[in-house]
Peer 1: 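Sharing a structure below in structure tokens format, with a few things to ask.
Heavy atoms only: backbone and side chains are in, while hydrogens, waters and symmetry mates are out.
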Amino acid sequence: MLLGPEDLAERIDPEKERSVLRRRPYEQLGAHSAIVAPLRTPRRVLGALTLARCVA
């Protein structure tokens, strides 16, 4: 799943603390896009790998 800044903004509910905590690292890095890939086995999802892109 490829998320741009508009996509991230749509998915974050500022009224929910959990949403704010998810957004904070991207804001601190100045990230403008992110890729989230599930890490799974045939039986279950183990987690997710998230890569963020920012201009240095």
Peer 1: List the steps and the verdict of side-chain contact (heavy atoms from CB on, under 4.5 Å) for Val45 and Leu39.
Peer 2: CA-CA 6 Å; Val45 174; Leu39 301 174; over 6 Å; no
Peer 1: Apply the test side-chain contact (heavy atoms from CB on, under 4.5 Å) to residues Arg44 and Leu46: give CA-CA distance (whole Å), side-chain angles for both, the deciding distance (0.1 Å), then the verdict.
Peer 2: CA-CA 6 Å; Arg44 66 182 187 151; Leu46 301 174; 3.4 Å; yes
Peer 1: Indicate the atoms forming the closest heavy-atom contact of Ala52 with Ala31, along with that distance.
Peer 2: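 Closest approach of Ala52 to Ala31: CB-CB, 3.9 Å.
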